[in-house]
Amino acid sequence: MVQVLSFVLPAVVVCFLLQRTCRRRMDIAQYNYFRDLALVSVWLLSALWAGSDVSRFIVGMAVFASMAGTFQHSRPHWSWKLAYLGIGLLFAAAGPRITYFALPDGQYFYFSSWMSIAVTALWVAVFPVLLQELDNIPGMAGHLLAISFSLLFLATVFSGQDLADAFFMSLCGLAFLGVFWSRHGHMYRRIGESLTAMWGVLVAGTSILGVSKGITFSTLLLLPLGLFAIPIMEASLHFATLAFSSRSPGAAVLYRKLISRGLDHPSAVRFITSLCALGGAAIAISQLGNSVFMTIWLSVTVIFTGLTITPFIRNMKENGDMQLKPVIWSTSVDNVSMDYALSKTRAAVSGGEGVALVSTVNALAVMEAEKNGAYASALRNSFLTLADGAGLVWALKFLGTPVQERVAGIDFMTRLARMASAEGWPVYLLGAKPHVVEGAVRALKQRFPEIVIAGWRDGYFSPDDSSVARDIRESGARVLFVAMGVPRQEIWVTKNAAELGNLVAVGVGGAFDVISGMLKRAPEIWQKLGLEWLYRLIQEPWRWKKDLDLLRFAGKIVLSRAGLYRSRKKRDPR
Ligand code: UDP
């Protein structure tokens, strides 16, 4: 154990520091490649240095599976499930095997050697496939792997038996997952074919080691079943067909249901993870007796599950009475959370065709739409219309059609920029004065070193200049931030949509001025009090004329509530 710790702990620290340094210096593709290689290497080195023959064998097979996963990435249409079955057979033929099955009454059912090979091969083959299914949902495979290794580790430590190999494998699994996944494999990252295949064989192999040393087979069969209960219901049904087909049926019915009920992506992943953790913990405890530590684990899981589920239920209740698209005169707003808006935008960037315009509207924008037909029409055709501005959020509440939360354009831009840098989506910045947009590009690069900036350009050009849209299309940008002010930016995007190619365009108003540091954003307390406009007015006093519209807006809201005002404009029924 000392030898194991003396290698694993320093390895974790070195990998952590290496990642930090490389992340700053490399571009995103290089860095991702380096990170995956570093993970495979540290597993190999640990097995060679501190592992037994059995753990070396498992790690070797896992690396072999990761190679299959790499080829799978370039030839996704081949029947890779058969290759994993082959790896499972090889594993069963030369490595540790599942030899018996513990029945609930304490009896053991021993397999014949052929049966044992078949069961082990299937067991090892099923995990890479299952993890790849789970990996269709960003963040899910990583979360469930973390739960699996934590439970395997705890079960090994508290089993009261000498399970040196299982201890080594589960400790390394936890430690390396912590370094290589938790810092990067956040809610929006997939693990990829190659590494899911590797982790699949590792987790399968580790569970077999526990069994071989005495932890009952039923625990380790039921444990992963418990952990993966929800997704496995779907994945297992399809496994037979999966083995012979390359078409993915698409994992996670439950996940899709949660999302369609208005839950955002991170909460849905957390919800499923907590349910799996709860199931897994219950089974581990029932197998291991009244261990204090396992009880603590169960309590933590219950609290975590409670914390995850309560807001979910509250949200569902509130959403029950909420309109999906509250209407305020000629403008309708999407009643979505920041996370939900980001999930939808992610889907639009990855699979969308044409231009998806995300508009951010505040009280002044709603007033503008009353006067300006072209702007109102651009808003109607927006892919998402987000409620930016505390005044608008209050007004909607006052009118009895509240939105879940305020989604400020600048916050949305920052979150989307982070997502784009993680995904490698090229970003284009259009708008503001030349030194401002340059400052914004610099600031984004500093904040997200791996962001790919496809190009930028100031927002002072003739509306008839078609070269701007062409340049953007040719830059290969997938995300376009347009900061030319309302309504210019939305109208420009709508008019030039045909030229822009396939991308998500976000109208962000004066965000470049703030991101570049030319203007200061109002402190949070001003924002909460709805005084962001005043803070801006102090910095840009010439805005006073524009801000007079805020008074008109407030007046019209009161009249609307009393039923004395209605938009004269007709809205297209959508
Ligand atoms: N802007 C621009 N082109 C123009 C006019 C304005 O790029 O023709 C830029 C301006 O420099 C500022 C941003 O648009 O950075 C936002 O302008 P404004 O404050 O008027 O927009 P709002 O935040 O009110 O939508």
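Read the numbers this way: they start at 1 and go in the same order the structure lists the ligands and their atoms. Heads up: numbering here begins at 1 and tracks the sequence.
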Asks: Looking at Glu499, is its backbone amide N or carbonyl O close enough to the side chain of Arg473 to form a donor-acceptor pair, meaning the two atoms are under 3.5 Å apart?
Replies: yes

Asks: Which of the numbered atoms in ligand 1 are below 4.0 angstrom from a heavy atom of Gly509?
Replies: 13 (C), 16 (C), 23 (O), 25 (O)

Asks: So which heavy atom in the protein is nearest atom 10 (C) of ligand 1, and how far is it from that ligand atom?
Replies: Tyr460 OH, 3.4 Å

Asks: Where the closest heavy atom to atom 23 (O) of ligand 1 is concerned, which of Arg536, Glu368, Arg543 has it?
Replies: Arg536

Asks: Determine whether any heavy atom of Glu540 lies closer than 4.0 Å to an atom of ligand 1.
Replies: no

Asks: Establish, yes or no, whether a centroid distance under 6.0 Å links the rings of Trp199 and Phe149.
Replies: yes

Asks: If we set the cut-off at 4.0 Å for heavy atoms, which region of Ala483 has an atom near ligand 1: side chain, backbone, both, or neither?
Replies: backbone

Asks: For ligand 1, find out whether one of its N or O atoms is nearer than 3.5 Å to an N or O atom of Gln489.
Replies: no

Asks: Does any N or O of ligand 1 fall below 3.5 Å from an N or O anywhere on Val486, backbone included?
Replies: yes

Asks: Got the closest protein heavy atom to atom 20 (O) of ligand 1, with its distance?
Replies: Lys546 NZ, 3.1 Å

Asks: So, Asp388 side chain and Val361 main chain: donor-acceptor pair closer than 3.5 Å or not?
Replies: no

Asks: Among all protein heavy atoms, pick out the one at the shortest distance from atom 21 (O) of ligand 1; state its residue, atom name and that distance to 0.1 Å.
Replies: Gly485 CA, 3.2 Å

Asks: Looking at Phe398, does the NZ or CZ of Arg561 lie under 6.0 angstrom from its six-membered ring centre and within 45 degrees of the ring axis?
Replies: yes

Asks: Would Trp329 and Phe553 count as a close aromatic pair, with their ring centres under 6.0 Å?
Replies: yes

Asks: Test your reading of the structure: does Gly459 have an N or O sitting under 3.5 Å from an N or O of ligand 1?
Replies: yes

Asks: Out of curiosity, is Val436 lining ligand 1, as in a heavy atom under 4.0 Å away?
Replies: no

Asks: How close does the nearest protein non-hydrogen atom get to atom 12 (C) of ligand 1, and which residue and atom is it?
Replies: Asp513 OD1, 3.4 Å

Asks: Would Glu423 and Arg346 pass as an ion pair if we require N to O under 4.0 Å?
Replies: yes

Asks: Closer than 4.0 Å to some heavy atom of Gly431 - which atoms of ligand 1 meet that?
Replies: 7 (O)

Asks: Looking at CD1 of Ile453 and CZ of Phe448, how far apart are the two atoms once the value is rounded to the nearest 0.5 Å?
Replies: 10.0 Å

Asks: Who's the nearest protein heavy-atom neighbour of atom 4 (C) of ligand 1, and how far?
Replies: Arg488 NH1, 3.2 Å

Asks: May I ask you to identify the nearest protein heavy atom to atom 7 (O) of ligand 1, giving residue, atom name and distance to one decimal place in Å?
Replies: Ala432 N, 2.7 Å

Asks: Using the side-chain contact (heavy atoms from CB on, under 4.5 Å) rule, take Leu531 and Trp533 through it: C-alpha gap first, then chi angles, then the decisive distance, then the call.
Replies: CA-CA 5 Å; Leu531 294 175; Trp533 62 273; 4.1 Å; yes

Asks: Does a salt bridge link Arg521 with Asp411, judged by any charged N lying under 4.0 Å from a carboxylate O?
Replies: yes

Asks: Looking just at side-chain N and O atoms, do Ser382 and Glu490 make a donor-acceptor pair shorter than 3.5 Å?
Replies: no

